[in-house]
Amino acid sequence: MIARFKTWFDGRSQREKWMILFMLALLGVTIVWIVVLPIDEALSSARRRNADAAIRLAQTRGQVDAVRALRRARPELLAGPIDVIVRQSASSAGFALDSVAADGNKLRVHLAAARGGALLGWLGDLEGQGVLVDQLNVTDAGNHNVAADITFRMMAP
């Protein structure tokens with residue numbers, strides 16, 4: 001078959017030979033431009049997407065590990081009513097609760113005056129015991145104190 005092509009090619013004039021060679025060169029450039037370059041770009045894009053996916057997977061695995069650690073460190077459910085636990089905790093922290101009102105599984109508390117840092121520390125201790133702050137409204141009470149309206153709820157099982 002190559003011999004037949006060579007015989008056919010040799011039978012052409014010099015001008016036709018140059019035109020055929022030029023046409024074959026253009027065909028080669030076109031094939032590279034239409035086939036090879038898009039495939040190369042697709043492979044490069046796939047490598048980038050794979051690297052991004054690997055990073056997201058590592059981040060997700062880290063977040064899953066953090067959630068699992070939080071679940072292991074989760075406090076046990078409260079043994080008593082939420083109002084008793086909040087009152088005892090406030091008393092031991094040195095807070096005088098001005099009003100306490102139970103509202104279903106929530107507890108509304110008002111403190112007229114407390115130090116901001118001590119209040120936040122007390123709320124953190126309560127959270128460690130399984131009592132969560134559902135709502136918190138803190139206002140300036142003057143003399144470096146704050147007034148707080150707090151709604152607590154028990155941690156869901």
Side-chain angles (χ1 to χ4, degrees), residues 1-79 82 85-86 89-90 93 95 101-111 114-142 144-157:
M1 179 156 159
I2 294 177
R4 286 180 51 193
F5 176 75
K6 185 168 176 19
T7 304
W8 173 83
F9 187 75
D10 287 340
R12 305 286 135 220
S13 69
Q14 189 63 28
R15 181 172 180 254
E16 289 175 333
K17 288 180 184 178
W18 280 109
M19 288 175 62
I20 290 171
L21 290 175
F22 184 71
M23 179 189 68
L24 290 175
L26 284 177
L27 179 66
V29 168
T30 304
I31 288 173
V32 167
W33 187 38
I34 292 176
V35 177
V36 175
L37 290 178
I39 289 174
D40 184 51
E41 179 59 33
L43 286 173
S44 177
S45 174
R47 286 185 189 107
R48 280 192 307 272
R49 287 192 319 269
N50 185 31
D52 292 343
I55 290 170
R56 284 192 313 271
L57 177 63
Q59 290 172 340
T60 303
R61 284 183 176 164
Q63 291 170 346
V64 166
D65 291 342
V67 168
R68 285 183 181 152
L70 284 174
R71 284 190 175 178
R72 284 191 298 269
R74 184 178 186 170
E76 305 223 358
L77 293 178
L78 299 174
I82 190 170
I85 293 169
V86 169
S89 177
F95 292 113
D103 182 19
N105 65 345
K106 294 184 179 180
L107 182 71
R108 298 189 195 306
V109 173
H110 176 74
L111 281 134
R115 295 284 184 187
L119 175 66
L120 293 177
W122 173 59
L123 295 176
D125 291 342
L126 278 173
E127 186 175 319
Q129 296 174 27
V131 178
L132 301 178
V133 175
D134 195 43
Q135 290 181 337
L136 175 64
N137 184 18
V138 179
T139 57
D140 185 13
H144 303 290
N145 286 330
V146 294
D149 291 309
I150 309 165
T151 303
F152 293 103
R153 67 178 170 85
M154 294 181 70
M155 187 177 288

Identify the two heavy atoms, one from [X] and one from [Y], that lie closest to each other, and give their separation to 0.1 Å.
X: P38; Y: V32; result: CD-O, 4.5 Å
X: V146; Y: R115; result: CG2-C, 4.4 Å
X: A141; Y: A147; result: CB-N, 3.7 Å

Checklist entry - Using the ring of each side chain (for Trp, its six-membered ring), is F95 parallel, tilted or perpendicular to W122, with breaks at 30° and 60°? => result tilted
Rounded to the nearest 0.5 Å, how far does [atom2] of [Y] lie from [atom1] of [X]?
X: K17; Y: M19; atom1: NZ; atom2: CE; value: 14.5 Å
X: R12; Y: I20; atom1: CZ; atom2: CD1; value: 6.5 Å
X: L119; Y: L123; atom1: CG; atom2: CG; value: 4.5 Å
X: R108; Y: D103; atom1: CZ; atom2: CG; value: 4.5 Å
X: N50; Y: L57; atom1: CG; atom2: CG; value: 10.5 Å
X: N145; Y: T139; atom1: CG; atom2: OG1; value: 11.0 Å

Item to check | Full working for side-chain contact (heavy atoms from CB on, under 4.5 Å) between L132 and F152 | outcome: CA-CA 6 Å; L132 301 178; F152 293 103; over 6 Å; no
Checklist entry - Got more than 12 heavy atoms from elsewhere within 6.0 Å of CH2, W8? => result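 Yes, enclosed.
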Next on the checklist: Run the side-chain hydrogen bond (donor to acceptor under 3.5 Å, both in side chains) test against R15 and tell me which residues pass, sequence neighbours left out.
Outcome noted: none
Checklist entry - Who pairs with D52 by side-chain hydrogen bond (donor to acceptor under 3.5 Å, both in side chains), at least two apart in sequence or on another chain? => result none
Checklist entry - Under 3.5 Å, is there a donor-acceptor pair between the side chain of T60 and the main chain of R56? => result yes
Checklist entry - Between T7 and A3, is there a donor-acceptor pair closer than 3.5 Å when you use the side chain of the first and the backbone of the second? => result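 The answer is yes, because a donor-acceptor pair under 3.5 Å joins these two groups.
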Next on the checklist: Using side-chain contact (heavy atoms from CB on, under 4.5 Å), reason through I150 and V86 one step at a time and then give a plain yes or no.
Outcome noted: CA-CA 11 Å; I150 309 165; V86 169; over 6 Å; no
Next on the checklist: As a test of understanding, state which of N105, L126, V131 forms a side-chain contact (heavy atoms from CB on, under 4.5 Å) with I82.
Outcome noted: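 The option that passes is V131.
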